[in-house]
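One structure coming up, written as structure tokens, with questions to follow.
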Amino acid sequence: MGRVLLISANTEKRPPVFPLGLSYIHASLVASGWEAGMLDMTQLDYTREAVTNYLNAYAPDYIGLSIRNLDNCCMQYPRSFVDQVCLMVDWVREWNSRASIILGGAGFSLLPRQWLQETGADYGIVGDGCDSIVELLDQLEAGQVPSAVSGLMFRTGAGEWNYWSPYAPEQLDQEYFPSRSGFLHSYDVERRVRHNVLTKRGCALSCTYCAYPSLEGRAVRLRSPKRIADEIEQMVVQYDIGSFDFVDSVFNYPLEHAEEICRELIGRTLPLSWGCFLNPRFFTAAFAGLLKQAGCTEVEFGIDSGSDICLRSFKKNFRQAEIRTVVQLCRDQELDFSFCLLIGGPEETPETLHETLDLMEELAVQRIFGLFGIRILPSTDMYSYVGSPEPDELLHPKFFMSPQLSLEQANSICAPYRERNPDWMFI
């Protein structure tokens with residue numbers, strides 16, 4: 001068998017997030033008998049010299065390049081990640097033009113053909129890649145032209161595109177856990193990276209801007225609460241990692257699944273501190289108590305708005321009344337919480353924005369993270385709402401802002417609220 005080097009191209013460091021998808025791929029390769037190493041570019045200088053040094057030392061036959069995001073999702077200060085990924089591919093090509101380059105990750109899966117055209121990489125895998133990467137490499141090692149691999153896309157020598165639709169396995173419990181080691185460089189797990197755990201894939205909700213359903217499917221596929229707790233126990237005992245986030249798009253849907261995870265963790269009596277993303281609709285007093293007992297120290301609600309007009313336009317399944325309720329339930333349990341806002345949706349006006357911010361002050365919300373504008377992504381309602389632009393246009397930052405509220409107006413409205421509330425952030 002050849003040797004595989006997996007590279008996480010993400011460089012965002014506030015905070016640096018553990019490359020969970022890449023670590024699943026690594027674990028799958030190792031379990032299948034492949035020799036594989038990882039580089040996390042949040043931990044290294046993004047330079048030709050740094051990358052080439054590792055390529056020389058490890059001498060891989062295949063390069064897997066994980067693309068987490070298209071850009072920084074910031075309308076005010078947009079920064080595309082396309083150029084830095086293209087640069088990485090160029091460095092690999094200059095090192096060894098014969099090494100196969102395989103793209104993957106959530107950012108890649110949104111626009112796979114566009115990424116392959118832009119970078120000139122050899123192959124790409126859309127969707128869940130743990131089994132697909134092994135199948136692809138086995139075929140390449142055997143000297144075959146790849147075929148019938150779930151999610152595989154590549155261009156033939158004749159310029160034709162080959163693509164097999166991704167298969168979304170119902171069974172997510174594997175014999176392996178994502179690799180927390182296996183990096184070719186030192187990894188400071190406590191001070192320099194925020195670890196994470198996945199409990200499910202897929203999303204049955206219908207938020208107008210969100211690409212999770214197209215990336216992972218609308219059917220919610222659940223991991224076993226026991227296996228999730230086993231993974232966390234391994235993190236604590238083997239790697240001394242007791243602080244992490246559950247990174248599901250919505251941790252508390254289905255609610256019963258989240259409750260059972262909490263009960264499993266309570267029964268393990270592990271020293272834990274963790275956070276998660278929650279939907280207000282599926283938040284009860286009993287669940288808040290379980291969160292606290294299980295070691296949860298902070299929760300974030302992606303409410304997007306405090307105006308029922310805007311919540312309806314986003315197709316949210318809750319309203320202002322539920323927002324008020326979750327604030328009280330969190331305070332009853334002394335559970336730290338924050339809200340995430342999206343400013344400038346289809347029916348946003350100066351009045352709805354004031355309504356949202358006034359509600360936040362009335363509820364004395366300490367921490368808010370607000371984003372101006374809505375990043376337009378393919379296969380979303382927002383994509384259709386703005387006229388279904390050519391997919392090629394979406395590889396670089398493209399945003400929607402309500403015609404009834406300019407970016408300048410939104411900034412002006414938010415400014416005094418920000419001054420009164422130092423932990424409110426708007427970008």
With a cut-off of under 6.0 Å to the ring centre and 45° to the axis, is Arg367 in cation-pi contact with Phe337?
-> no
With no hydrogens and no angle check, is any side-chain donor or acceptor of Tyr46 less than 3.5 Å from a backbone partner on Gln84?
-> yes
Correct closest heavy-atom pair for Leu394 and Pro389 would be CD2-CG, 3.9 Å
Look at Asp230 together with Arg268 and state whether they make a salt bridge at an N to O cut-off of under 4.0 Å.
->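 Looking at Asp230 and Arg268, the cut-off is met.
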How far does CG of Leu377 sit from SG of Cys210, to the nearest 0.5 angstrom?
->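 Those atoms lie 8.5 Å apart.
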Identify whether the distance between the nearest side-chain nitrogen and carboxylate oxygen of Lys226 and Glu264 falls below 4.0 Å.
-> no
Does a side chain donor of either Asp392 or Gln117 reach within less than 3.5 Å of an acceptor in the other side chain?
-> no
Can you sort out the partners of Glu12 under side chain to side chain donor-acceptor pair (under 3.5 Å), two or more places apart, ordered by chain and number?
->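 Only Arg79 meet the side chain to side chain donor-acceptor pair (under 3.5 Å) criterion with Glu12.
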Does a side chain donor of either Asn10 or Ser8 reach within less than 3.5 Å of an acceptor in the other side chain?
->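 No.
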Output all residues satisfying ring-ring contact (aromatic ring centres under 6.0 Å, His included) with Phe318, sequence neighbours left out; order by chain, then residue number.
-> none
Please check if the side chain of Glu118 supplies one atom and the backbone of Cys86 the other of a donor-acceptor pair under 3.5 Å.
->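 Not at all, since once roles are kept as given, no pair shorter than 3.5 Å links the two residues.
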Take Phe339 and Trp424 through the test ring pair (Phe, Tyr, Trp, His ring centres under 6.0 Å) and record every step on the way to the result.
-> CA-CA 10 Å; Phe339 286 150; Trp424 289 18; 9.8 Å; no
Please confirm whether Tyr253 and Phe282 have ring centers closer than 6.0 angstrom.
-> yes
Positive for side chain to side chain contact (heavy atoms under 4.5 Å, CB included) with Phe372, one of Ile427, Leu405, Asn411 =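 The side chain to side chain contact (heavy atoms under 4.5 Å, CB included) with Phe372 is passed solely by Asn411 among Ile427, Leu405, Asn411.
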What orientation do Tyr385 and Phe400 show, parallel under 30°, tilted 30 to 60°, or perpendicular over 60°?
-> perpendicular
pair Phe426-Cys414: side-chain heavy atoms closer than 4.5 Å = yes
Please check if the side chain of Thr356 supplies one atom and the backbone of Thr352 the other of a donor-acceptor pair under 3.5 Å.
-> yes
So, Ser402 side chain and Gln404 main chain: donor-acceptor pair closer than 3.5 Å or not?
->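 Flag set: sc Ser402 to bb Gln404 pair under 3.5 Å.
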Hey, what do you get for CD1 (Ile343) to SG (Cys310), rounding to the nearest 0.5 Å?
->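 Output value for this atom pair is 10.0 Å.
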Backbone N or O of Val85 within a donor-acceptor pair of the Trp115 side chain at under 3.5 Å?
-> no
Are the aromatic rings of Tyr54 and Tyr58 close, with centres under 6.0 Å apart?
->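 No.
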Nearest atoms (heavy-atom pairs only) where Gln333 meets Ala285 =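 Looking at all heavy atoms of both residues, the closest pair is NE2-O, 4.4 Å.
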Mark yes or no for whether Asp45, through its side chain, and Thr47, through its backbone, hold a donor-acceptor pair below 3.5 Å.
->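 The answer is no, because no donor-acceptor pair under 3.5 Å joins these two groups.
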Keeping the roles fixed (side chain from Ser179, backbone from Gly182), state whether a donor-acceptor pair exists under 3.5 Å.
-> no
List the steps, then state whether side-chain contact (heavy atoms from CB on, under 4.5 Å) holds for Val51 with Met88.
-> CA-CA 8 Å; Val51 173; Met88 179 69 73; 3.8 Å; yes
So, are Arg221 and Asp128 salt-bridged, with charged N and O less than 4.0 Å apart?
-> yes
Kindly give the heavy-atom pair with the smallest separation between Tyr176 and Cys130, and that separation in Å.
->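 The pair with the smallest heavy-atom distance is OH-CB, 3.5 Å.
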State plainly whether the residues Lys292 and Glu298 are in salt-bridge range, i.e. N to O under 4.0 Å.
->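 Between Glu298 and Lys292 there is no salt bridge, as every charged N stays at least 4.0 Å from the carboxylate O atoms.
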Looking at Glu231 and Arg227, does any basic side-chain N land under 4.0 Å from a carboxylate oxygen?
-> no
Please check if the side chain of Ser384 supplies one atom and the backbone of Ser388 the other of a donor-acceptor pair under 3.5 Å.
-> no
Is the shortest heavy-atom distance from the side chain of Val4 to the side chain of Glu35 under 4.5 Å?
-> no
Atom of Gly104, atom of Phe108 and distance for their closest heavy-atom approach = O-CB, 3.5 Å
Do you know which two heavy atoms are closest between Leu278 and Phe283, and how far apart they sit?
->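 Nearest pair, atom of Leu278 first, then Phe283: CD1-CE1, 3.6 Å.
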Stepwise side-chain contact (heavy atoms from CB on, under 4.5 Å) test for Leu70 and Leu111 | CA-CA 9 Å; Leu70 300 174; Leu111 294 162; 4.1 Å; yes
For residues Trp95 and Asp90, is any side-chain donor paired with an opposing acceptor at under 3.5 Å?
-> no
Does the side chain of Ser273 come under 3.5 Å of the side chain of Thr297 through a donor N or O and an acceptor N or O?
-> yes
Taking Arg68 for the side chain and Pro19 for the main chain, is one N or O donor matched with an acceptor at less than 3.5 Å?
->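 Checked: no pair found.
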What pair of heavy atoms forms the shortest contact from Ile261 to Phe246, and how long is it?
-> CG2-CZ, 4.0 Å
Hey, are Tyr77 and Asn72 close enough side-chain-wise for a donor-acceptor pair under 3.5 Å?
->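 Judged by distance alone, the side chains do not pair up.
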Steps toward ring pair (Phe, Tyr, Trp, His ring centres under 6.0 Å) verdict (Trp274, Phe251) = CA-CA 12 Å; Trp274 54 271; Phe251 175 65; 5.7 Å; yes
Classify the side-chain pair Ser80/Asp71 by whether it contains a donor and acceptor separated by less than 3.5 Å.
-> no
Is a donor on one side and an acceptor on the other found under 3.5 Å between the side chain of Arg319 and the backbone of Lys316?
->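 Yes, Arg319 side chain to Lys316 backbone: donor-acceptor pair under 3.5 Å.
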Could you tell me whether Arg201 sits above the aromatic face of Tyr24, with NZ or CZ closer than 6.0 angstrom to the six-membered ring centre and within 45 degrees of the axis?
-> yes
